[in-house]
Amino acid sequence: MKNFITATILIAIAGSAFAHGKATGIVRERMDSMVVLGKTMKSLSLMAKSDAQLDKAALATAAQTIQDHSGENLTRLFPQGSTKHSDATPLVWTKSDEFIALATKLSEQGKALADVSTRDELQSHVQQLGASCKACHSDYRQKTD
Ligand code: HEC
């Protein structure tokens, strides 16, 4: 389980520093937003692996951070035509129903995180969150490496 979590997180947070460095405006803004999600996932996965007592306050903060960067807060950062120096695939705009659904799902999963009370629960939530990052990236983000 622990190894699975680590692998999922690494796939999810592996960014493309190249595109990121050149992007400006809203494209840069959404990349920065994704980086925040990546950092949040990293700290959650460390928490899920740690033997220390669950830090409920940190969990609540992570739950809020994920909600701040998902749902409409995510989709509003993808206006039509915002493709310059972006790794987003055209499907964002041609298959947008599913894109919106995936962003909404992440927001709901983020919210649910605040109610986690055991380490086992946290591990399964982190795994599901990672699967959501991956599900969207597989269709909506180009591989640039
Ligand atoms: C609804 C779709 C969607 C979801 C869900 C999603 N992402 Fe992304 N992500 C994207 C797209 C599209 C890009 C490419 C954006 C661009 O280059 O314009 C991206 C890019 C990234 C990047 C690279 C940013 C950069 O600096 O270039 C990271 C890191 C990232 N996502 C992490 C995550 C993590 C972690 C999660 C889950 C907690 C997540 N994403 C969930 C669509 C999504």
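Quick note: numbers below take in every heavy atom, side chains included, and nothing from hydrogens, waters or symmetry partners. In listed order, ligands and their atoms are each counted from 1.
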Quiz item: Is there side-chain contact between I66 and Q109, with at least one heavy-atom pair below 4.5 Å?
Solution: no
Quiz item: Between the candidates A135, S138, C133, C136, which shows the shortest non-hydrogen contact distance to atom 38 (C) of ligand 1?
Solution: C133
Practice problem: Taking the side chain as every heavy atom from C-beta outward, state whether L106 and L37 have any pair of such atoms under 4.5 Å apart. | Solution: yes
Exercise. Answer with side chain, backbone, both or neither: which part of M34 has a heavy atom less than 4.0 angstrom from an atom of ligand 1?
Key: both
Practice problem: Find out whether F99 and T75 are in side-chain contact, i.e. whether some heavy atom of one side chain is under 4.5 Å from a heavy atom of the other. | Solution: yes
Exercise. Could you tell me which atoms of ligand 1, counted from 1 in the order shown, lie closer than 4.0 angstrom to a heavy atom of G38?
Key: 35 (C)
Self-check item: Test side-chain contact (heavy atoms from CB on, under 4.5 Å) applied to Q64 and Q67, step by step
Solution: CA-CA 5 Å; Q64 188 57 52; Q67 290 173 81; 4.2 Å; yes
Practice problem: Would you mind running through ligand 1 and noting each atom that sits below 4.0 Å from a heavy atom of F99? | Solution: 1 (C), 2 (C)
Exercise. With heavy atoms of R30 as the reference, note each atom of ligand 1 found under 4.0 Å away.
Key: 16 (C), 18 (O)
Exercise. Would you mind listing which atoms of ligand 1 come within a distance below 4.0 Å of any non-hydrogen atom of A103?
Key: 1 (C)
Self-check item: Under 4.0 Å to a heavy atom of S86 - the qualifying atoms of ligand 1, by number
Solution: 16 (C), 17 (O), 18 (O)
Exercise. State yes or no: are the ring centers of Y140 and F78 separated by less than 6.0 Å?
Key: no
Quiz item: For ligand 1, which part of K105 has a heavy atom less than 4.0 Å away: the side chain, the backbone, both, or neither?
Solution: neither
Self-check item: Check: D87 N/O within less than 3.5 Å of ligand 1 N/O
Solution: yes
Quiz item: Do L59 and D55 come within less than 4.5 Å of each other through their side chains, counting heavy atoms only?
Solution: no
Quiz item: Which ligand 1 atoms are under 4.0 Å away from a heavy-atom of V35?
Solution: 26 (O)
Self-check item: Atoms in ligand 1 with a heavy atom of M31 nearer than 4.0 Å
Solution: 17 (O), 24 (C), 25 (C), 26 (O), 27 (O)
Quiz item: In Å and rounded to the nearest 0.5 Å, what is the CD to OG1 distance from E72 to T104?
Solution: 7.5 Å
Quiz item: Nearest 0.5 Å, what's the OG1-NE2 distance between T24 and H85?
Solution: 7.0 Å
